[in-house]
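All values reported here derive from a predicted model rather than from experimental measurement. Proteins come first, then strands; the chains are lettered A, B, ... in the order of their sequence lines, and each starts at number 1.
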Amino acid sequence: MSKSSAARRVPEKPSLAGVEAKFSERWKTEGVYIFDRSATRDRVFAIDTPPPTVSGSLHMGHVFSYTHTDTIARYQRMRGKDVFYPMGWDDNGLPTERRVQNYFGVTCDPSLAYVANFEPPFRGNPPKDHRAVPVSRPNFIELCDQLTAEDEQVFEDLFRRLGLSVDWSLLYTTISEHARRTSQRAFLDNLARGEAYTQEAPTLWDVDFGTAVAQAELEDRERPGAYHAVSFHGPNGEVIIETTRPELIPACVGLVAHPDDSRYAPLFGKKVRSPLFDVEVGVYPHALAQPDKGTGIAMICTFGDLTDVIWWREFDLPTRAIVGRDGRIVAEAHGAIVGEAARSNYAILAGKSVKQAQAAIVEMLRSSGDLKGEPRAITHPVKFYEKGDRPLEIVTSRQWYIRNGGRDESLRNALLARGEEMTWHPDHMRHRYSNWVEGLNGDWLISRQRYFGVPIPVWYRVAADGQPDYDSPIVPGKAKLPIDPSTDVPDGFTAQQRGVAGGFVGDPDVMDTWATSSLTPQIASHWVDGDDLFKRVFPMDMRPQGHDIIRTWLFSTMVRSHFAHGGIPWKRAALSGWILDPDRKKMSKSKGNVVTPIDLFDKYGSDAVRYWAASARPGVDTAFSEDQMKVGGKLATKLLNVTKFVLNFECIEKSAPSSGPTNDQNSGVTELIDLAMLARLNAVVADATTAFEDLDYARALERTESFFWWFCDDYVELVKTRAYGRVSADGAPARAADCSPDELSARHALYRALSALQRLFAPHMPFCTDEVWSWWQDGSVHRAEWPTSTEQRGASKDSEILLDTASTVLSEIRRTKTEAKVSQRAKVSEVVVTCDASQAEAVANAHSDLVKAGSVAELSTISGSTLAVAVTLAQVS
RNA sequence: GGGCGCUUAGCUCAGUUGGUUAGAGCAUCUCCCUUACAAGGAGAGGGUCGGGGGUUCGAGUCCCUCAGCGCCCACCA
């Protein structure tokens, strides 16, 4: 490329319009971000990308955190790393099911047969009074596949528009054949090693979704409730308990009080009888009972809450469940309810929802005289499934678990130690992890009674009595994966043997979505196929994610990696913050959807939106700010303008970034002030590099940006007159051949700084930097070499004094003109700088530039201890 | 109840082993069409760094303590 052709590529009127489409297309066709899978592990930087859930739309939170990751990816790429940066779509699981139900107006009924060429009743926005149409499981899954494919295209378009430097050829989805195979294989490995097991146990249950849920998916919500004082009938009179769930009285299997509570000590070991149902239950002492709660003595029910489960287990109490999986009181009273009055009381409750049953039982207690006083209204925290709408119940059911240290001290300690092996960004996030692991109270429940997920890949033999044998499941061969045990038949059986005595039955459940997404490093690297890609990228370098899913995604990934590979899945975790409303409240979904990312891209440009995101410190919750986007837009425009200006000067060379070490890096730069500017830039490069190595994209940006504005406002202003050289008649700068060495020095320095600045900004603002780069360089800036501090001469104290002094004198001249309300072009008759010797030397070295930049007639210095600048404006006639 | 984070200008935030007079952007005000940029530029005003105590020659920075805000976890009768 010749210099003149380079110059000709500079547009007359630089503009950011259309850069996103232009470069998205160019990056795609030129494969700028393609991962070289022949790279060895030491040359690779691997990112375990969070796969967004495909159940709605991407919002500003995604834009925010994915931008952070992308800046790191781009930096590493420019450093010469082969960046493994896949994208994944989490299209597996409940959120997708729910979206499909709402979008098409259907519901899954596994008992129905498949209908070919099925047409759903609606495509988007079914009317409110529409009753969901039941469809077969295969039809339902087809609809899931259809809708996720459409959603995923929209997601990809948005991420391309945002400028993510993802290698799209590495795309994975969590419901794909490959992900199902990986997930089932990992599960079977866990099973073979004894890390997965099945057990019948009390389980947290969402009655609306009809599925078990895991500890990690719980959340508390404050709900109104009421204390009901209820009388139990003891040998020596009544025992008053207080309960928020009187409807569970028929499920009561005991009473419990603190061992030290003298009020109840005489009752320990004695029996009392429940009101209305006349069931005899024991009174037990236990340290978990709190004397100051209610009356200090509580019902143990099967099951009202998790503490009930603990007591039930420890005292080996009977199971007298009354709440069914549909959330209603079961029809048949359990065997302990025997009396006629008791049975007819129960009959009133049978079939009612929990809420209705409570109202009914309060009336019954009131008329029987067992309700003491009126209920006292309170609000209290109640456990919900995080995606659910009704409080969780606890029902007994058979489920699959993966060990996670919740019931095993040594495993817990091993997982805690794994957390210590990693680097956390920010560091304090490690506490979230250890806090969670230390607080686990059970193993990881992975089975879900749902449809659109990865099936649990096992069958059970059916004994002669028709009961499945859960203790020794039949597992498929690895080559057969993925399987669906509801349709596939295990080796040695025929389809006719399904469900019959002596035959087999498939496990009906699917795995929790985290059971698959905990394998993203393995899925993305095709571990299950024995692909050598795995050993080139694993353990990965970086796991970016939100801090809200440390307990789910991060922890579960750690568990799987610990079991499967005996090590951590990545070296570092980068936890991003939240987006907050401008009023500092956590940004609500509804508000987040009002301002869509695309609108903001249109309004400010992708680079400007990225600038806002990249300005936020890693891990810090950040207010949504269109003002910051405006600032980013200004920065991008400024970069265009200053590039155009600098390239306006013909130079001997184009400051190739990758010139070899034998070249004199400051070739052609002779003036001290030019060298000083390059030295300052050198320090900025070093700072930005250190910051990026620490994943601190924000600091890198801030350092670069503040240098950049100083460069534009002071340095360029100081040297521009010199850089022009002898201006020709039409006002154009002098040709390079006609320039003196000091004039060329300015031009060389400007070129070098420009080249470095464009590269320094490239990770943050990929579109405008590639645009300006393309005006004078070959190839994409995103494949250019990251600037190194050896490209410029090292900083020195003298050079900083030179620049600071020159800047101070210049701004004093400006201030004088501004305060005198005259144009900055106004002539200055005299400037006298009072300063010390080193500053005097600085003024001498910047003398001719200062004089030109300030239109100064006389510039002199006098000796003094403190720097002072006296500016005398020329008289205006 | 346990853990973690935050508190610096009207607003949003920097401030990296303690080191001149605490910075930036936005907002406000003033001025300037200036030949890269008026969708610009040059300037100004504005802070007892949450309160108190301590260490130190020196504290926004380290220690103690109190307060407010936020988050995570536990509790849930």
Side-chain angles (χ1 to χ4, degrees), chain A residues 10 13-14 16 220 222-223 225 227-228 230 241-245 248 255-257 288-290 293-301 304-308 311 378 380-383 426 428-441 547-548 550-551 577-578 580 582 584-586 615-617 619-628 630-635 637-649 687 690-691 694 696 698-699 702-703 705-706 709 712-713 716-717 720 724 727 731-733 810-811 813-826 866:
Chain A
V10 180
K13 181 75 185 164
L16 292 167
D220 288 347
E222 282 291 332
R223 283 296 142 118
Y227 276 127
H228 303 74
V230 173
I241 59 111
E242 281 203 296
T243 178
T244 56
R245 298 202 61 184
L248 291 181
L255 299 186
V256 64
L288 280 180
Q290 296 179 28
K293 273 269 174 80
T295 56
I297 186 163
M299 284 202 295
I300 305 170
C301 302
D305 60 41
L306 292 171
T307 324
D308 281 345
W311 287 325
I378 55 158
H380 62 152
V382 179
K383 283 205 187 309
H428 66 256
M429 289 294 179
R430 65 173 65 253
H431 300 293
R432 299 275 178 101
Y433 174 87
S434 55
N435 219 324
W436 173 252
V437 178
E438 283 161 5
L440 286 168
N441 55 31
H547 55 66
D548 53 323
I550 288 175
R551 67 178 185 173
W578 291 103
L580 307 175
R584 305 297 301 164
K585 296 262 167 45
K586 186 178 160 187
S615 303
R617 251 58 208 175
V620 174
D621 292 349
T622 301
F624 174 79
S625 164
E626 294 197 40
D627 281 344
Q628 269 303 94
K630 289 178 190 159
V631 174
K634 276 175 60 175
L635 177 60
T637 302
K638 190 78 172 180
L639 185 62
L640 255 58
N641 283 318
V642 78
T643 299
K644 180 189 170 210
F645 182 58
V646 169
L647 296 183
N648 185 39
F649 302 118
D687 259 11
T690 306
D694 196 33
D696 193 347
R699 182 173 167 79
E702 190 239 316
R703 295 288 287 121
E705 187 188 8
S706 76
W709 285 110
C712 292
D713 295 345
V716 172
E717 290 301 323
K720 68 199 251 187
Y724 264 102
V727 178
L810 184 61
S811 57
I813 293 170
R814 286 172 177 160
R815 190 218 307 272
T816 306
K817 290 178 180 176
T818 298
E819 284 173 354
K821 303 190 177 182
V822 298
S823 158
Q824 291 297 326
R825 278 205 305 186
T866 49

Peer 1: Nearest to the side chain of A:Pro381, heavy atoms from C-beta on, is which of B:C72, B:C75, B:G40?
Peer 2: B:C75
Peer 1: Out of B:C75, B:G43, B:C72, which has the shortest distance to the side chain of A:Asn435?
Peer 2: B:C72
Peer 1: Expressed as a whole number of Å, how far does the C1' atom of B:U28 sit from that of B:U17?
Peer 2: 39 Å
Peer 1: So which nucleotide from B:C73, B:G43, B:C71 ends up closest to the side chain of A:Trp436?
Peer 2: B:C73
Peer 1: Looking only at atom C1', what distance separates B:U8 and B:A24, rounded to whole Å?
Peer 2: 12 Å
Peer 1: Give the nucleotide from the list B:C76, B:U12, B:G41 with an atom nearest to the side chain of A:Lys293.
Peer 2: B:C76
Peer 1: Using only modelled atom types and a 3.5 angstrom limit, is any donor from either the side chain of A:Asp548 or the base of B:C71 paired with an acceptor on the other?
Peer 2: no
Peer 1: Counting only side-chain heavy atoms from C-beta out, which of B:G15, B:G3, B:A36 sits nearest to A:His431?
Peer 2: B:G3
Peer 1: Do the side chains of A:Lys383 and A:Asp220 get close enough for a salt bridge, i.e. N-O under 4.0 angstrom?
Peer 2: yes
Peer 1: Would you measure the distance from the C1' atom in B:G10 across to the matching atom in B:G18 and give it in whole Å?
Peer 2: 31 Å
Peer 1: For A:Trp311 and B:C75, give me the distance from atom CH2 to atom C1', rounded to whole Å.
Peer 2: 11 Å
Peer 1: How far does the C1' atom of B:U56 sit from the matching atom of B:C62, given to the nearest Å?
Peer 2: 10 Å
Peer 1: According to a strict under-4.0 Å criterion, is A:Lys13 in side-chain N/O contact with OP1 or OP2 of B:C37?
Peer 2: no
Peer 1: Where does RNA chain B form stems of at least three consecutive Watson-Crick or G-U wobble pairs, each pair having both distances below 3.5 Å?
Peer 2: B:1-7 with B:67-73, B:10-13 with B:23-26, B:28-32 with B:40-44, B:50-54 with B:62-66
Peer 1: Have a look at A:Thr307 and say if it touches a base, only the backbone sugar-phosphate, or nothing, with a 4.0 Å heavy-atom cut-off.
Peer 2: sugar-phosphate
Peer 1: Within the 4.0 Å heavy-atom criterion, would you say A:Glu438 contacts the bases, only the backbone, or no part of the nucleic acid?
Peer 2: nothing
Peer 1: Between B:G43, B:U35, B:C75, which nucleotide has the shortest distance from any of its atoms to the side chain of A:Ser811?
Peer 2: B:G43
Peer 1: Checking all strands, does A:Ala616 fall into the base, sugar-phosphate, or nothing category for heavy-atom contacts under 4.0 angstrom?
Peer 2: nothing
Peer 1: Please check this pair: side chain of A:Thr622 against backbone of A:Val620, looking for a donor-acceptor N/O pair closer than 3.5 Å.
Peer 2: yes
Peer 1: How would you label the contact of A:Cys712 with the nucleic acid (heavy atoms, under 4.0 Å): base, sugar-phosphate, or nothing?
Peer 2: base
Peer 1: Has A:Arg551 got a side-chain N or O lying under 4.0 Å from the OP1 or OP2 atom of B:C72?
Peer 2: no
Peer 1: Between B:A44, B:A14, B:A36, which nucleotide gets closest to the side-chain atoms of A:Glu819?
Peer 2: B:A44
Peer 1: Would you say A:Ser615 and A:Glu705 are linked by a side-chain donor-acceptor pair, where the criterion is simply a distance under 3.5 Å?
Peer 2: no
Peer 1: According to side-chain contact (heavy atoms from CB on, under 4.5 Å), who are the partners of A:Glu819, at least two apart in sequence or on a separate chain?
Peer 2: A:Arg815
Peer 1: Does a side-chain N or O from A:Arg815 land closer than 4.0 Å to OP1 or OP2 of B:G43, or not?
Peer 2: no
Peer 1: Would you give a per-nucleotide map of nucleotides 17-33 of chain B, 5' to 3', where B means the base has a protein non-hydrogen atom under 4.0 Å away, S means only the sugar-phosphate does, and - means neither?
Peer 2: --------SS---SSS-
Peer 1: Figure out the CE/P separation between A:Met429 and B:G70, and round it to whole Å.
Peer 2: 17 Å
Peer 1: Would you mind telling me which residue lines up with the more 5' stretch of RNA chain B, A:Asp713 or A:Thr643, judged by nearest nucleotide?
Peer 2: A:Thr643
Peer 1: Between the base of B:A36 and the side chain of A:Glu717, is there a donor-acceptor distance below 3.5 Å?
Peer 2: yes
Peer 1: Over how many whole Å does the gap from A:Lys720 atom NZ to B:A42 atom P extend?
Peer 2: 10 Å
